[in-house]
Undergrad: 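Here it is, the structure, as structure tokens.
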Amino acid sequence: MSLEWRGAAVAPDDEMPSPEAWKPVSVPGRPDQFAGAEAVAYETTFSDPRDESDAHALLVLSGTYAHTRVWCNGDLLTSHNAYFEPLRIRLPESEEYRIVVECRTPEDRFGGLHATDQLPPERCVPGIWWDASIETRPDPCVSELSVQPQVSDEDVTDATVEVSATVLTQEPLDDRITLSLRPEGDVRGGGMMDRARVSTDDERTTVTYTMDVRDPSLWWPHDRGEQSRYVLRAKLGDDEHSVTTGLRTVSYDDGLRVNGEAVPVRGVTLLDPTVEDVARAVDTNANLVRVRAQGTPPEVARACDDHGVLLWQDVPLSGPGSFDSERGVALAARLNTIYAQHPSFAAVGVHDEPVSPYADGLGSGFLDRLRFRWRAWRAGYDASDARSVAEAIDDVPTFPVVGPPGIAPDAATLYPGWRYGDATDLPWLCSQFDVGDVVAGFGAGAFGTPEPGDSPGFDNACHDRHVDGGVDASQSYQAGVVREVAESLRHRAAPLMIVDSLRDVGDAGMGLLATDGTEKTAFSVLADCYEPTQVILSDPAPGERDIVVLHDRPEKANLTVEWDCNGDREQAEHTVGPFARVTVDTLTLSAGDDVTLAATDGQTVVTNEYRISE
């Protein structure tokens, strides 16, 4: 049932909103006329939607940012404070309904990136962002259904699905729910069916049940295997409810492991996640997206499942300052429950960028490095609260602190060549600050349009230090930084690396794409850098430089490697082992040299081109 909505900016007080005038708005959505408002109220009216076969009417709201209250015919029905968790509200008996939903800006630290200046105000409007609909159901019915797959780390053939079903009934009930689990599409493995008892005098009850999965077919990232899924259906009387899930294990031990096998991670950050962005991530050869400091829309999480892209899901917490750890623990547990049904769900970050930037503007000289070390030493962070929040999640690996070197982050963000220093300073940063295996952000900014003006998340001061020449110059510089850092990280065999970011949220930014999806120069550069098998120069600078094959696949490969330096061409045959780094030859390079590298296994050809600068 579609609804017509009206909206108004209101004062955030304890009463039901009663604005002087309502304006038509699109819901779900983010009405930009209310940008900057602390609270926005939404109103809709409709007649009883049920027919003679229906007993229950449910209001379904998803993505209600950030603190929400819902009234029906003047009575407060519920309040809510976790926008990534959907609301399914049973409506009281009535011939006519007037629904009022008030959404407020965060009343705590858990507004995430939307509570910072990293996103434009029109993307942060308090509202119903993802879904708003009315459902009608018979009696009794399964109003909510969630699943949590479990696969043994020791034996991937030992798999179960934990089912939780919420039942609504008008009369005392003693019945059984029929649960069926069947593979989706043409995949290996048969279906299963069980029955779970429901016995209650209450109008609402929750039934839990664990189903064994015979001969499970596992879900894999797109560069490693198939994206097998299962559909679980719950049938009670005339009512049926279903949910799609998948089976996999995920862990971290000196690298991410999926279904017990190592998966080198090449990722991109999403600041304003869309379904299209997941497909674009695949086009860069990425196998993971990090949705930074915000909830992931349901359709985006499903797209990750469909495309075989791992999902790093952050708790919505960003920026300096203390926070209520008990509230954080509760939110993390709820977040885990919501996303656990998605086989792509692979990691959780807790506190994003918990200290203010301390090295912006510093160069690469001796004194600049001393200043960097001094400021890093002073930028302390007590990670105890973040670690207590991380402990609430035990299904996927967690990274409690995501931030700059110097605060001992669990996942480092590194911006040499943009915020500080040169792109070639990455080895110094890694060795000086004992940067670990996980790099959750690197890159540089660039213009997406000829006259960008001020754009959220884009530091014009950083740009001015590095580029003077408009769109083409800025995009060329960005591409150079992305390439230098990405190749250096891969050469170092960093097991998890994420570029910041895939797409801009304004007319300029750190994105490899403009806000409308137009490719910047760095997009194709990253796609080359992220090829699972690639051939690179150890350092694209004058001097003796190695030709290195990077091979991030679990099986060996027989490769033909060819290199061309200023028209002089040579080639060699090499057998490269699983997850190997192999030096093929050494070149003596001078400024101005043109170098082209290529490698093929007989089926796929990868290339890399360099112009050697001073």
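This chain uses plain numbering: 1 for the first residue, then up along the sequence. As a basis for the values below, the full set of heavy atoms in this structure was taken, side chains included, without hydrogen atoms, waters or symmetry mates.
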Undergrad: For Phe366, does the six-membered ring have the charged nitrogen or CZ of Arg369 within the cation-pi criterion, i.e. under 6.0 angstrom from the centroid and within 45° of the normal?
TA: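 No cation-pi geometry.
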Undergrad: Using the rule given for side chain to side chain donor-acceptor pair (under 3.5 Å), can you reason through Glu531 versus Asn608, listing the C-alpha separation, both sets of side-chain angles and the distance that settles it, and then say yes or no?
TA: CA-CA 11 Å; Glu531 285 281 1; Asn608 231 337; over 6 Å; no
Undergrad: Would you say that Glu162 contacts Ser146 through its side chain, given a criterion of any heavy-atom pair below 4.5 Å between the two side chains?
TA: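 Result no, sub-4.5 Å side-chain heavy-atom pair not found.
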Undergrad: Side-chain contact test, heavy atoms from C-beta onward, threshold under 4.5 Å: evaluate it for Trp129 versus Pro28 and give yes or no.
TA: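 Contact flag for Trp129/Pro28 side chains = no.
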Undergrad: Would you find more than 12 non-hydrogen atoms of other residues, nucleotides or ligands less than 6.0 Å from Glu226 atom CD?
TA: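 Open.
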Undergrad: Working to the nearest 0.5 angstrom, can you tell me the gap between Met497 CE and Leu288 CG?
TA: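 Here the rounded value is 12.0 Å.
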Undergrad: Does this structure show an ion pair linking Asp272 with Arg123, if we count only N-O contacts that are shorter than 4.0 Å?
TA: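 Yes, this pair counts.
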Undergrad: Taking the six-membered ring of Tyr610 as reference, does the cationic atom of Arg483 (NZ for Lys, CZ for Arg) lie under 6.0 Å from its centre and within 45° of its axis?
TA: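 Yes, Arg483 and Tyr610 form such a contact.
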Undergrad: Quick one: do Asp552 and Arg581 make a salt bridge, cutoff under 4.0 Å?
TA: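 A salt bridge is present here (some side-chain N lies under 4.0 Å from a carboxylate O).
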Undergrad: Backbone N or O of Leu310 within a donor-acceptor pair of the Ser344 side chain at under 3.5 Å?
TA: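 No, Ser344 side chain to Leu310 backbone: no donor-acceptor pair under 3.5 Å.
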Undergrad: Would you please test Asp382 and Ser384 for side chain to side chain donor-acceptor pair (under 3.5 Å) and show each step?
TA: CA-CA 6 Å; Asp382 182 353; Ser384 55; 2.9 Å; yes
Undergrad: In plain terms, say whether Arg553 and Asp223 are close enough for a salt bridge, that is, a side-chain N and a carboxylate O under 4.0 Å apart.
TA: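 Result for this pair is no, no salt bridge flagged.
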Undergrad: So does Glu122 pair up with Arg30, basic N to acidic O under 4.0 Å?
TA: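 No, Glu122 and Arg30 are not salt-bridged.
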Undergrad: Does the distance from a Lys or Arg side-chain N to an Asp or Glu carboxylate O, for Arg257 and Asp153, drop under 4.0 Å?
TA: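 The answer is no: the pair does not qualify as a salt bridge.
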Undergrad: What I want to check is whether the side chains of Ser388 and Asp385 have a donor and an acceptor closer together than 3.5 Å.
TA: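 Distance-only check fails for Ser388 and Asp385.
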Undergrad: If you round to the nearest 0.5 Å, how far is OG1 of Thr296 from CD of Gln313?
TA: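 Here the rounded value is 3.5 Å.
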Undergrad: Which heavy-atom pair separates Gln294 from Pro273 by the least distance, and what is that distance?
TA: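 For Gln294 and Pro273, the tightest heavy-atom pair comes out as OE1-CD, 3.5 Å.
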Undergrad: Do Leu597 and Thr607 make a side-chain contact, defined as non-hydrogen atoms from C-beta onward lying under 4.5 Å apart?
TA: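 Leu597 does not reach Thr607 side chain to side chain.
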Undergrad: Roughly how far, to the nearest 0.5 Å, is the SG atom of Cys304 from the OH atom of Tyr339?
TA: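 SG of Cys304 is found 10.5 Å from OH of Tyr339.
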Undergrad: Would you please name every residue forming a side chain to side chain donor-acceptor pair (under 3.5 Å) with Arg375, sequence neighbours left out?
TA: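 None.
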Undergrad: Using ring-ring contact (aromatic ring centres under 6.0 Å, His included), reason through Phe442 and Trp418 one step at a time and then give a plain yes or no.
TA: CA-CA 9 Å; Phe442 69 92; Trp418 182 245; over 10 Å; no
Undergrad: Taking the side chain from Tyr420 and the backbone from Tyr415, do they hold a donor-acceptor pair closer than 3.5 Å?
TA: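 Yes; judged by distance alone, with no hydrogens or angles, the pair exists.
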Undergrad: Within a reach of under 6.0 Å around CG of Asp468, are more than 12 heavy atoms found that belong to other residues, nucleotides or ligands?
TA: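 No - once you tally the heavy atoms of other residues, nucleotides and ligands closer than 6.0 Å, there are 12 at most.
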Undergrad: Any donor and acceptor pair, going by atom type alone, linking the side chain of Gln478 with main-chain N or O of Gly511 inside 3.5 Å?
TA: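 Checking the backbone N and O of Gly511 against the side chain of Gln478, a donor-acceptor pair under 3.5 Å is found.
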Undergrad: Between Arg503 and Asp516, is the salt bridge (charged side-chain N to carboxylate O under 4.0 Å, His left out) condition met? List the steps.
TA: CA-CA 8 Å; Arg503 184 170 56 85; Asp516 64 357; over 6 Å; no
Undergrad: Under the side chain to side chain contact (heavy atoms under 4.5 Å, CB included) criterion, do Val278 and Val300 qualify, and how do the steps go?
TA: CA-CA 7 Å; Val278 177; Val300 174; 3.9 Å; yes
Undergrad: Find the distance between CG (Asp459) and CG (Asp464) and round it off to the nearest 0.5 Å.
TA: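 It is 8.5 Å, given to the nearest 0.5 Å.
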Undergrad: Name the residue from Arg266, Arg290, Arg292 that meets the side chain to side chain contact (heavy atoms under 4.5 Å, CB included) definition with Ile498.
TA: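 Result: among Arg266, Arg290, Arg292, Arg290 is the only option passing the side chain to side chain contact (heavy atoms under 4.5 Å, CB included) with Ile498.
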Undergrad: Carefully, step by step, assess Glu261 and Val258 under the rule side chain to side chain contact (heavy atoms under 4.5 Å, CB included).
TA: CA-CA 5 Å; Glu261 297 189 11; Val258 177; over 6 Å; no
Undergrad: I'd like to know if the side chain of Arg371 reaches the main chain of Leu362, judged simply by a donor and an acceptor atom lying under 3.5 Å from each other, with no hydrogens or angles considered.
TA: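 The answer is no, because no donor-acceptor pair under 3.5 Å joins these two groups.
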Undergrad: Are any non-hydrogen side-chain atoms of Arg334 and Phe84 less than 4.5 angstrom apart?
TA: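 The answer is yes, as the side chains (C-beta and beyond) meet within the 4.5 Å cut-off.
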Undergrad: Could you walk me through whether Ser364 and Asp425 pass the side chain to side chain donor-acceptor pair (under 3.5 Å) test, one step at a time?
TA: CA-CA 7 Å; Ser364 294; Asp425 290 328; 2.4 Å; yes
Undergrad: Take atom CZ of Arg327 as the centre, draw a 6.0 Å sphere, and report whether it contains more than 12 heavy atoms from other residues, nucleotides or ligands.
TA: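 Enclosed: over 12 neighbouring heavy atoms sit under 6.0 Å from CZ of Arg327.
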Undergrad: Roughly how far, to the nearest 0.5 Å, is the CG atom of Leu331 from the CG atom of Leu335?
TA: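 With rounding to 0.5 Å, CG (Leu335) is 8.0 Å from CG (Leu331).
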Undergrad: For ring-ring contact (aromatic ring centres under 6.0 Å, His included), just list the numbers for Trp219 and His342, CA-CA rounded to whole Å, side-chain angles, deciding distance to a tenth of an Å, and then say yes or no.
TA: CA-CA 10 Å; Trp219 181 96; His342 295 284; over 10 Å; no
Undergrad: Report the distance from atom CG of Leu113 to atom CG of Leu119, rounding to the nearest 0.5 Å.
TA: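 It comes to 4.5 Å.
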Undergrad: Apply the test side chain to side chain contact (heavy atoms under 4.5 Å, CB included) to residues Phe372 and Leu429: give CA-CA distance (whole Å), side-chain angles for both, the deciding distance (0.1 Å), then the verdict.
TA: CA-CA 10 Å; Phe372 195 116; Leu429 286 166; 3.6 Å; yes
Undergrad: Dump the intermediate steps for side chain to side chain contact (heavy atoms under 4.5 Å, CB included) on Asp410 and Arg387, then the final yes or no.
TA: CA-CA 10 Å; Asp410 303 279; Arg387 300 199 188 288; 3.1 Å; yes
Undergrad: Any donor-acceptor pair under 3.5 Å linking the side chain of Gln534 with the backbone of Asp528?
TA: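 Here the side-chain-to-backbone pair exists.
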Undergrad: Less than 4.5 Å apart, any side-chain heavy atom of Leu496 and any of Trp312?
TA: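 SC-SC contact between Leu496 and Trp312 confirmed.
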Undergrad: Would you say that Val482 contacts Cys529 through its side chain, given a criterion of any heavy-atom pair below 4.5 Å between the two side chains?
TA: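 No, their side chains stay 4.5 Å or more apart.
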Undergrad: ring-ring contact (aromatic ring centres under 6.0 Å, His included) for Tyr381 and His351? Distances and angles first, verdict last.
TA: CA-CA 11 Å; Tyr381 174 72; His351 198 170; 5.4 Å; yes
Undergrad: Test Thr533 against His551 for side chain to side chain donor-acceptor pair (under 3.5 Å), laying out the working first.
TA: CA-CA 4 Å; Thr533 299; His551 184 61; 2.8 Å; yes
Undergrad: Taking side chain as C-beta onward, heavy atoms only, is Thr518 less than 4.5 Å from Leu513?
TA: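 With C-beta onward as the side chain, the pair stays apart.
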Undergrad: Are any side-chain N or O atoms of Thr274 and backbone N or O atoms of Asp277, one a donor and one an acceptor, separated by less than 3.5 Å?
TA: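 The answer is yes, because a donor-acceptor pair under 3.5 Å joins these two groups.
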Undergrad: Any salt bridge between Asp305 and Arg302, counting N to O under 4.0 Å?
TA: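 No, this pair does not count.
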Undergrad: Look at the side chain of Asp546 and the backbone N and O of Val548, then say whether any donor-acceptor pair between them is shorter than 3.5 Å.
TA: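 Not a single qualifying donor-acceptor pair exists.
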Undergrad: Looking at the rings of His463 and Phe447, which for Trp means the six-membered one, are their centres under 6.0 Å apart?
TA: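 Yes; Phe447 has its ring centre under 6.0 Å from that of His463.
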Undergrad: If you measure from the Lys or Arg side-chain nitrogens to the Asp or Glu carboxylate oxygens, is any gap between Arg280 and Asp283 under 4.0 Å?
TA: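 Asp283 and Arg280: not salt-bridged.
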Undergrad: For residues Pro343 and Pro149, determine if any side-chain heavy atom of one lies less than 4.5 Å from a side-chain heavy atom of the other.
TA: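 Side chain of Pro343 against side chain of Pro149, heavy atoms only: no contact under 4.5 Å found.
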